[in-house]
Every structure is written in C-alpha cells, then in structure tokens.
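What follows is one structure encoded as structure tokens, with my remarks underneath.
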Amino acid sequence: MMGRRCGDQASLFYQFHLDDRVPKDHLLRRIDCFVMTALADMHERLKPYYSEIGRPSVDPDLMIRMLIVGYCYGLRSERRLTQEVELHLAYRWFCRLDLDDKVPHHSTFSENRLHRFRESDVFRHIFERVVVACMAAGLVKGEGFAVDASVMEANASRYHGKAPDEIAWAEPERQTRAVKEYLAALQADAEANPDRKPPKVISPSDPCSAWTAKANKRVQFGYGLNYLIDIENTVIVDVEATPARTYDEVAATKTMIERTDKRLGLKPKRLAADTAYGTGKLLGWLIGAGITPHIPVWDKSTREDGTLSRSDFRWDKRRGVYICPNNKVLHTSGTVHEGRTLLYRASKLDCDVCALKARCCPKQLARKIPRDVHEEARDVARQLMGTKAFLRSRDERKRVEMRFAHLKIHHGFERMRLRGLSGARDEFHLAAIVQNLKTLALRALGPPPIQPRAPSD
C-alpha cells in the first residue's frame, strides 16, 4: 500500500544531537582522533604570534580543521568551503561547531595563512605530527623509501608568458606577493649555478613557477609536488614544493632525506626512483650517505650514428686512464668542466694513423671521452640494476605514482589555487596531511564496514 505523509506543520521543539547524525564509519569521524593528536600543541605553538590584548580571534584549531575538510573533499576555495561547512552536518561536527555557531568569514583564512600560519610554519609542524602518529601505529618501516615528483599546473595563464628581460618588475602593478617572493629569492641566490639553466619564459603573475611540458602534457606553468614515501604502507614521510624543473626536483630529494633523518630519525637503507634521479651527483651523495640507490643510471653515452661509444673504451682504474680499442691511452688534464665532467683526450698523433679513426672520431682531430666525477657511484648503480632487490624496488616505487593519481582523481587537486612557492608549499603540506590521515584511518582502524543493501519494496 502506498504511504503518504500526514500534516505539513513543523514541530515546535526538536530533540537533536549532532553526534547522532554523523555515521560511525564516516571518514571525518575515523580521522578525528588522529587530528586531535596532531593539533594537541597547536595553540601553544601559535601563541607567540597572537597579541595579548584585543578581541579574541577565531580559534586556529577551527580554521585548521576546516582546511582539512576542504582538502579531504576537494573544497580548496575558502569561500566555497565556508558555505559547505555552514550546511553540512558532518563538517560542523568535525569542526566542533554546533548548529547555532557561526562559521568564520572566508577572508579570515587568507589573513592567517599569510602571516601566522606561514611565520610559524604550522602546516609543516602538523604534517610531521601526523607522520609521527603513523610511526607510532607501526605503519613506517623505514627500510625502503621511494621518491618522485608530479607537475601541478600553476595559477597562471600559459598564454601570457614573457622573457625575463621583457618584464619591468618595478612597475607598481607588478608588485604582487608572488613577485616580491620571486625577487627576494633572486637576491638571496647571488651565485650562479652552472647546472641550473636560466628560464626562457616566466609568468608575470607567478614567476616562481616553471615553464614546462613534462609528462607529455601541454606546455604550461607549473610546480613540482615532490613526495618521499615509505614503501611499506605508502606513508608520505616528507613533501617539498619546487618549480617544475627536473634539476630542482632531484635536488629536493637530498633536502627531504636529510630533513627526515634530522627531524624524525628516519633514514632508509635503499631509495627507489626513476631515471630522472639517476644523476652522478645524487648517486654519489646517496652512496656516501650509506643509502643503496635502486635507481636506473641516466646515461646518454651510447652513440646511434655507428661510431664507437664510451662503452667500447676500457677504463683502467689503477692508472686512471681510458684505453681505446686500438690499445692507445686517453689522459685527462684534471680540469672539471661544468662542475661535474672530466674530459679524457687521445693524442692527435695516435688518432691520425689509427685504422679505426673513421669509426671513432671522423669529425674530430682526436677522440674525447667525458667521465662524470661520480662515475664510480654510477658504476655501483649499474651493477645493482640486474639484482632481484632492484627489480622489486622498481615495482614498489610505482606506489608513489599512485599517491599522485589518488590526489588528482579523488581530491580534485590538479591546479594550484595559491601563487608563489610559499603558496605551493602550503597546499602541498595540506594535501599530504590529508592523504596520511586517510592512510592512518585505513591501516590502523581497518576499512569501514560494508553496509548491507536495503531490501527493495
């Protein structure tokens, strides 16, 4: 029999408890206990950044909880976030807001983020507290780490890029927060780095971002989201924001490993990464630090024009020279070119009468062989490439790529909202906090129970 509602008069009084309306298996309820632990000392940490007089401010605990809700459900616009928290009962419960409590104005977030939150580095502090919680739950083994980077499109138009010398930074309309951060970084980095190529195109609105076409994407301005994860349960143990350039992403690996060791006492026995990280400089540093590099070597020495490659020359470790296929010796002057390469040269007299000259150096007077100053570390990495442990690490490092996919698909994080490297750092820390909280809820509490389907009428 068809049912029909009776009466249209609303009740005069209600018995309502917000906690009863949030399901036991709701994501926010499952992560709430971990958030409570991570935010336990936040008031004490932020106290020096508040005045001792004046009106009481919005509770920073409330703002952080709202931001966690936003990054959990892809509500990164603070204006939209305040609207959703106003309406959603579970969001109100998680943020400790009763039905009659007022939701903070969206401008409160930007004011606190630009001053108190960045000056105190509170997002970094909360991220590390969540990692410590993962360690306490036994989710971080610390034996093997994996590192990778993903491009996040910057909040800058790809059609308005200009050459650096075409932009007049002194114009008043150019003096935005992101531009000031970029100019301050230029002044701080006074010494030119030979490994870092100057950008050909930069964005006038977000000059810290990089002009990139990585991952077969369209050309755009972007930032590199760098994750260092523990392979065992894919817990993110460190995160770093860089311009979307391979050089900066590789350099961030050393920064993250050193910081993880210093702050969390975590140092891996092995590091898995793709070929972009197989530079001699990084491999040499890893081996010197006692970390086994399960990384393919970045090697472009093989020639494809039919002439002899470097592998056809034998390295004499005792004498420190190369021996050519015709048993002639190639010496080096010891000069390091571009900060990383030694050149080994054959004698012109030997090459002039050599029967292999047409196959060796047909367009040169004598053959030259470049050798990386960290070539011994590269040789160690080459020897590891055929081992079973390396093949296992090669498969396990794909877990960090799954982290990026989860962030982009389930959290809608594909384009930056904030500008500048500081803005990227804030967004990346919040994203990593949310992903680790979800891992904690899944691994420590177990998956939520599957609800049985209601019988059909």
Side-chain angles (χ1 to χ4, degrees), residues 192-198 200 212-214 216 245-251 253-254 271-288 292-387 389-391 393-394:
N193 192 325
D195 293 334
R196 186 194 298 272
K197 297 179 180 179
K200 296 180 181 179
T212 180
K214 292 180 65 176
N216 297 321
R245 302 187 188 98
T246 301
Y247 171 81
D248 294 309
E249 293 166 356
V250 174
T253 303
K254 179 182 176 182
L271 179 71
D274 58 28
T275 310
Y277 295 84
T279 63
K281 186 175 181 180
L282 180 61
L283 293 173
W285 179 83
L286 289 172
I287 292 175
T292 303
H294 287 172
I295 306 173
V297 178
W298 189 349
D299 193 349
K300 296 184 177 181
S301 63
T302 302
R303 295 189 173 186
E304 299 180 355
D305 58 357
T307 57
L308 298 177
S309 300
R310 187 178 64 185
S311 58
D312 297 313
F313 291 72
R314 179 167 52 89
W315 170 248
D316 189 328
K317 184 177 181 179
R318 184 178 62 83
R319 292 190 292 167
V321 296
Y322 275 102
I323 310 296
C324 79
N326 204 21
N327 292 323
K328 301 299 181 181
V329 179
L330 285 76
H331 297 275
T332 180
S333 64
T335 302
V336 180
H337 300 269
E338 298 181 350
R340 63 174 184 269
T341 306
L342 292 167
L343 285 180
Y344 288 78
R345 305 173 188 269
S347 169
K348 180 178 179 298
L349 298 177
D350 291 336
C351 291
D352 285 342
V353 297
C354 182
L356 300 176
K357 180 175 174 59
R359 289 181 52 208
C360 183
C361 53
K363 299 180 181 179
Q364 297 175 336
L365 296 177
R367 181 62 187 262
K368 294 183 294 185
I369 298 292
R371 180 179 174 85
D372 197 292
V373 294
H374 301 285
E375 193 65 33
E376 291 185 3
R378 288 158 57 90
D379 289 338
V380 171
R382 289 190 185 97
Q383 294 172 3
L384 293 170
M385 287 174 63
T387 62
F390 178 91
L391 298 177
S393 295
R394 184 186 62 184

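Shown here for V321 and H331, the closest heavy-atom pair between the two residues is CG1-ND1, 3.6 Å. The heavy-atom pair separating C354 from N326 by the smallest distance is SG-ND2, 3.4 Å. Of all heavy-atom pairs spanning I295 and Y277, the tightest one is CG2-C, 3.7 Å. Residues A272 and S393 come closest through the heavy atom pair CB-O, 3.7 Å. Across every non-hydrogen atom of C351 and A366, the tightest pair is SG-CA, 3.7 Å. For P325 against L356, the heavy-atom pair with the smallest separation is CB-CD1, 3.9 Å.
In this structure, the side chain of K281 does not engage the main chain of V373 through any donor-acceptor pair within 3.5 Å. Judged by distance alone, with hydrogens and angles left aside, the side-chain atoms of T341 form no donor-acceptor pair with the main-chain N or O of D372 at under 3.5 Å. One N or O on the side chain of R310 and one on the backbone of P370 form a donor-acceptor pair closer than 3.5 Å. The closest donor-acceptor contact from the side chain of R378 to the backbone of W298 lies under 3.5 Å. In this structure, the side chain of R367 engages the main chain of C360 through a donor-acceptor pair within 3.5 Å.
When the shell of 6.0 Å around CD of Q364 is examined, it contains more than 12 heavy atoms from other residues, nucleotides or ligands. Taking a 6.0 Å sphere around CZ of R303, one finds it holds more than 12 heavy atoms contributed by other residues, nucleotides or ligands.
If you take CG on L308 and CG on D305, they are separated by 9.5 Å, rounding to the nearest 0.5 Å. Distance check, rounded to the nearest 0.5 Å: NE2 of H374 to CG of D379 gives 13.0 Å. With values rounded to the nearest 0.5 angstrom, H337 atom NE2 is found 7.5 Å from L342 atom CG. Note: F390 CZ to M385 CE = 5.0 Å, rounded to the nearest 0.5 Å. To the nearest 0.5 angstrom, R314 atom CZ is 5.0 Å from I323 atom CD1. Taking CG of L391 as the start and CG of L384 as the end, the distance is 11.0 Å to the nearest 0.5 Å.
Both tests hold for R371 against W315: distance to the six-membered ring centre under 6.0 Å, angle to the ring axis within 45°.
The six-membered or imidazole ring of Y344 lies near that of Y322, with a centre-to-centre distance under 6.0 Å.
Looking only at side-chain heavy atoms (C-beta outward), L271 and L286 come within less than 4.5 Å of each other. Contact of the T307 side chain with the C361 side chain is not registered, since no non-hydrogen atoms from C-beta on lie closer than 4.5 Å. Side-chain atoms of L343 and I369, non-hydrogen and from C-beta on, never get closer than 4.5 Å to each other. Within the 4.5 Å cutoff, side-chain heavy atoms of C324 are placed close to those of L330.
By the 4.0 Å N-to-carboxylate-O rule, K317 lies too far from E375 to be salt-bridged with it. Ion pairing of R382 with D299 is present here, as a side-chain N (NZ or NE/NH1/NH2) and a carboxylate O approach within less than 4.0 Å.
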(message) Run S311 and S309 through side-chain hydrogen bond (donor to acceptor under 3.5 Å, both in side chains) and show every step you take.
(response) CA-CA 5 Å; S311 58; S309 300; 4.9 Å; no

